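Only one structure is covered here, and it is reproduced in the block below.
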There are 2 protein chains.
Amino acid sequence: MADEGTPEVPRPGRPVRGSETGRPIMAALDLLGRRWALRVIWELHQGPAGFRELQRRCERMSSSVLSTRLEELTTARVVAGGDRYRLTPLGERLVRALLPLQEWSDAWDADLRE
Amino acid sequence: MADEGTPEVPRPGRPVRGSETGRPIMAALDLLGRRWALRVIWELHQGPAGFRELQRRCERMSSSVLSTRLEELTTARVVAGGDRYRLTPLGERLVRALLPLQEWSDAWDADLRE
DNA sequence: GACGAGTGCTTCGGTTTCCGAACCACTATG
DNA sequence: CATAGTGGTTCGGAAACCGAAGCACTCGTC
């Protein structure tokens, strides 16, 4: 489904960009702080999708980057491929952890409108 | 505190990278999906910090990128400058929305160790 | 008052990442 | 056979990021 080369995916327990400690939260911030990563997870929460459908949901996201992100998220066991891409139980749990963000973004909207 | 040029900061209500709709959540995902953005917010939650101290907390983060992120986050009213940088009430609320992520990252760690 | 030592940044050349159109191989469906 | 859709990969150009260096300033202190 994707190249299994040497993809350099952040993992807890290993030093990542900006942290030698390997603290899980730092690995998570690295993984999720890559372009489109949060968005892909968010869109998959709306339901499983094939490659091209997922790309459409992300409004013209580059296919090459989508491919890379899917590989990273798959390695991280957040996403699983097969017939279509879908969130793993771990991925679902991540989305639940991210749900308060939607609420916050509405508050942010309200705040900036003042 | 930083250049007030034309910084192109994502805002709810405006089309952002990957979304023409301007839905607040999409603007938030864009803002927070930039390198170091989540980390800077996370570190400021440990307490206010001056520029160089914040850079140290982020373990050798590039000063130029820190400068850019601080400008974006300030424009977004998540961070405020002054004597030292600190989270605004909106920023504190954002951190609270992000707290479940720490818990998740520990579960992620446990899952990957299997 | 000249010396560090620290601060808040900016500049700039080099590297990495991202973008996106084109393309390839495959599977329908008509 | 043609057309349309799928799951990607390739690759040249653009944008983002990196990090060492430097600048202007303040704060002791000798």
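FYI, side chains are in, hydrogens and waters are out, and symmetry mates aren't considered; it's all heavy atoms of this structure. Each chain gets a letter, A, B and so on, in the order the sequences are listed, and its residues count up from 1. Everything numeric here is computed off the predicted structure, so don't read it as measured data.
Rounded to whole angstrom, the span from the CZ atom of B:R17 across to the C1' atom of D:dA15 amounts to 11 Å. When rounded to the nearest whole Å, the span between CG of A:D83 and P of C:dC26 equals 19 Å. We find that CZ of A:R84 is positioned 13 Å from C1' of D:dG7, with the value rounded to whole Å. The nearest whole Å value for the distance from the CG atom in A:D30 to the C1' atom in C:dT17 is 13 Å. Following rounding to the nearest Å, A:L66 (CG) and D:dG7 (P) show an atom-to-atom distance of 10 Å. With rounding to whole Å, B:R86 atom CZ is found 13 Å from C:dG8 atom P. Between A:R39 atom CZ and C:dC18 atom P there is a gap of 16 Å when expressed in whole angstrom units. Separating the CZ atom of A:R34 from the P atom of C:dT17 is a distance of 7 Å, rounded to the nearest angstrom.
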Handout entry: side-chain contact (heavy atoms from CB on, under 4.5 Å) between A:W36 and A:S62, worked out
Key = CA-CA 10 Å; A:W36 295 102; A:S62 167; over 6 Å; no
Practice task
Determine, step by step, whether A:M61 and A:V40 satisfy the side-chain contact (heavy atoms from CB on, under 4.5 Å) criterion, reporting the C-alpha distance in whole Å, the side-chain angles of both residues, the deciding distance to 0.1 Å, and the verdict.
Solution key: CA-CA 10 Å; A:M61 168 185 192; A:V40 165; 4.1 Å; yes
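Side-chain atoms of B:L54 and B:L70, non-hydrogen and from C-beta on, do get closer than 4.5 Å to each other. Looking only at side-chain heavy atoms (C-beta outward), A:L44 and A:L73 stay at 4.5 Å or farther from each other.
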What are the atom names and distances for every N/O pair under 3.5 Å that joins the protein to nucleotides 11-13 of chain C?
none

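Phosphate contact (OP1/OP2 of D:dC17, side-chain N/O of B:R69, threshold under 4.0 Å): present. Phosphate proximity of C:dT17 to A:W36: absent, as no side-chain N or O sits under 4.0 Å from OP1 or OP2. When the side-chain nitrogen and oxygen atoms of A:Y85 are compared with OP1 and OP2 of D:dT6, none of them lie within a distance under 4.0 Å.
Judged by distance alone, with hydrogens and angles left aside, the side-chain atoms of A:T74 form no donor-acceptor pair with the main-chain N or O of A:A80 at under 3.5 Å.
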Pairs of donor and acceptor atoms involving the side chains of residues 98-105 of chain A, under 3.5 Å and at least two apart or interchain, shall be tabulated with distances.
| residue | atom | partner | partner atom | Å |
| --- | --- | --- | --- | --- |
| A:W104 | NE1 | B:L90 | O | 3.0 |
| A:S105 | OG | A:Q102 | O | 2.7 |
| A:S105 | OG | B:I25 | N | 3.4 |

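With sequence neighbours excluded, the residues that form a side chain to side chain donor-acceptor pair (under 3.5 Å) with B:R57 are B:E53. Not counting sequence neighbours, A:D106 has no partner by the salt bridge (Lys or Arg N to Asp or Glu O under 4.0 Å) test.
Applying the salt bridge (charged side-chain N to carboxylate O under 4.0 Å, His left out) definition to pairs two or more places apart or across chains, those involving residues 38-49 of chain B are B:R39-B:E43, B:R39-B:E59.
Contacts between residues 47-56 of chain B and DNA chain C, counted as heavy-atom distances below 4.0 Å, involve B:G50, B:F51, B:R52, B:R56.
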